[in-house]
Amino acid sequence: MFINIPCKTFLMVFEMRRVKSGIPGLDELLNGGIPERNVILVSGGPGTGKTVFSQQFLYKGVSDYDEPGVYVSLEEHPVQVRRNMMAFGWDVKRFEEEKKFAIVDAFSAGIGKASQYEKYVVTDPTSEDLLIDVLKEAIQDIGAKRVVIDSVTTLFFTRPSMGRKIVFKLKKVISGYGCTGIMVSQINVGEIGFGGYGVEHAADGIIRLDLDEIDGELQRSIIIWKMRGTRHDMRRHPFEITDQGIIIYPEKVVKRRGRW
């Protein structure tokens with residue numbers, strides 16, 4: 001039997017939900033925000049602001065939009081993560097107490113007195129299954145809507161042959177639980193690419209951050225390489241890291257000479 005569904009109702013059913021990034025200027029470049037359940041790769045060299053970008057996405061998610069978040073730290077102790085975020089006025093400790101924010105310690109392997117106070121610890125850094133299990137536990141405990149992995153490059157360092165497989169597994173977990181995620185990826189200065197063999201193919205979107213010397217001055221810029229499920233700006237724009245986080249300037253365009 002054919003059922004006549006009004007066009008307006010049809011559009012409401014299939015309307016894509018977008019996740020607000022919490023980064024001034026970014027949603028404008030993404031036609032309203034990141035498509036829900038997308039897992040995007042934020043790639044860049046040293047000093048480009050990758051970690052600030054991802055932490056701002058999480059903190060603003062819980063503070064401004066009541067969307068709990070999980071931060072998987074593969075390169076820093078959770079104590080240092082909290083200190084770094086506090087430098088921008090992002091007090092995540094209170095949200096941890098409210099079970100709206102969680103840090104997965106995939107760095108310390110449980111070594112040291114401070115690590116004994118962490119709730120989510122990957123005690124064996126070489127075990128991908130343990131990493132996945134601890135991440136699942138944190139997501140379910142707080143009802144997470146946002147997840148950050150910082151950084152997936154570490155996975156390629158520790159297990160190069162398995163790096164791509166692990167990235168795909170992490171993506172399935174993040175998206176499968178209805179979360180929107182960021183995977184941070186490191187590249188060398190001047191490197192062409194996004195870091196890690198095949199990692200760009202696993203991502204639903206790629207955002208590259210760069211730091212270049214232009215007219216004798218270092219300048220940060222951002223370009224959205226791809227984003228599944230939405231139209232997006234394809235120009236390079238400047239951004240700044242202020243004492244309150246990242247601010248992107250969509251009305252300005254950066255031209256890089258002799259670079260891709």
Side-chain angles (χ1 to χ4, degrees), residues 39-44 46 50-59 61-62 68-86 90 92-93 95-97 99-177 179-187 194-199 202-203:
V39 178
I40 65 174
L41 188 71
V42 174
S43 178
K50 304 179 297 299
T51 294
V52 177
F53 186 104
S54 64
Q55 291 176 348
Q56 186 169 345
F57 166 76
L58 279 186
Y59 181 79
V62 64
V70 175
Y71 184 85
V72 180
S73 180
L74 285 149
E75 297 187 346
E76 285 187 311
H77 197 287
V79 172
Q80 191 63 42
V81 171
R82 295 184 186 96
R83 285 176 182 169
N84 292 342
M85 294 185 73
M86 196 62 186
W90 304 334
V92 295
K93 194 67 177 176
F95 289 124
E96 288 182 90
E97 294 170 353
K99 294 187 177 181
K100 293 183 178 180
F101 187 88
I103 298 177
V104 172
D105 178 6
F107 171 77
S108 74
I111 298 173
K113 187 175 181 179
S115 295
Q116 297 175 10
Y117 299 100
E118 299 297 330
K119 184 174 182 180
Y120 306 102
V121 180
V122 181
T123 53
D124 181 1
T126 65
S127 173
E128 62 181 81
D129 291 334
L130 183 56
L131 173 61
I132 295 293
D133 288 344
V134 175
L135 173 58
K136 286 180 179 179
E137 180 186 359
I139 290 174
Q140 293 178 82
D141 281 356
I142 69 170
K145 292 297 182 182
R146 303 185 182 209
V147 175
V148 164
I149 312 291
D150 188 4
S151 74
V152 294
T153 310
T154 303
L155 300 175
F156 286 86
F157 286 156
T158 55
R159 301 187 70 182
S161 62
M162 299 295 289
R164 188 180 181 187
K165 178 183 175 183
I166 298 172
V167 167
F168 270 103
K169 282 188 175 181
L170 289 169
K171 179 186 174 182
K172 286 181 180 179
V173 171
I174 294 169
S175 183
Y177 277 98
C179 299
T180 304
I182 288 178
M183 293 185 176
V184 175
S185 176
Q186 301 176 23
I187 59 174
F194 306 102
Y197 171 72
V199 67

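Since we're looking at a predicted model, the values are computed, not measured.
Interatomic distance, Met183 CE to Lys171 NZ, rounded to the nearest 0.5 Å: 8.0 Å. Taking OG1 from Thr51 and CD from Glu75, the interatomic distance works out to 7.0 Å, rounded to the nearest 0.5 Å. Put simply, CG on Leu155 and CG on Leu74 are 5.5 Å apart, with the number rounded to the nearest 0.5 Å. For the atom pair OG of Ser108 and CD of Glu118, the computed distance is 7.5 Å after rounding to the nearest 0.5 Å. Distance NZ/Lys169 to CG/Asp129: 5.0 Å, rounded to 0.5 Å. Here CD1 of Ile142 is found 9.5 Å from NZ of Lys119. Values are rounded to the nearest 0.5 Å.
Put simply, the side chain of Ser54 never gets that close to the backbone of Val148: no donor and acceptor are under 3.5 Å apart. Listed for the Ser115 side chain is a donor-acceptor partner under 3.5 Å among the backbone atoms of Ile111.
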* Asked: Going through the checks in order, is the side chain to side chain contact (heavy atoms under 4.5 Å, CB included) test met by Val72 and Val122?
  -> CA-CA 10 Å; Val72 180; Val122 181; over 6 Å; no
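Looking only at side-chain heavy atoms (C-beta outward), Val134 and Val121 stay at 4.5 Å or farther from each other. Tyr59 has its side chain within reach of Val92: a pair of non-hydrogen atoms, C-beta onward, lies under 4.5 Å apart. Between Gln55 and Val81 there is a side-chain heavy-atom pair separated by less than 4.5 Å. Residues Val147 and Val173 form no side-chain contact, since every pair of their non-hydrogen atoms from C-beta on lies 4.5 Å or further apart. A heavy-atom distance below 4.5 Å is found between the side chains of Lys136 and Ile132. Between Val52 and Trp90 the shortest side-chain heavy-atom distance falls below 4.5 Å. The side-chain heavy atoms of Asp141 and Tyr120, taken from C-beta on, include a pair separated by under 4.5 Å. Between Val39 and Leu170, the closest side-chain pair of non-hydrogen atoms is not below 4.5 Å.
Among all heavy-atom pairs drawn from Lys50 and Ser43, the shortest one is CD-C, 3.9 Å. Closest heavy-atom contact between Pro68 and Gly143: CG-O, 3.8 Å. The two atoms that bring Leu58 and Gly69 nearest to each other are CD2-CA, 3.9 Å, heavy atoms only.
Looking only at atom types and distance, the side chain of Asp124 has a donor-acceptor partner in the side chain of Thr126 under 3.5 Å away.
Looking at Glu96 and Arg82, a side-chain N of the basic residue comes within less than 4.0 Å of a carboxylate O on the acidic one, giving a salt bridge.
Evaluated for a side-chain contact (heavy atoms from CB on, under 4.5 Å) with Tyr71, the options Ile182, Asp105, Asp150 yield exactly one hit, Asp150.
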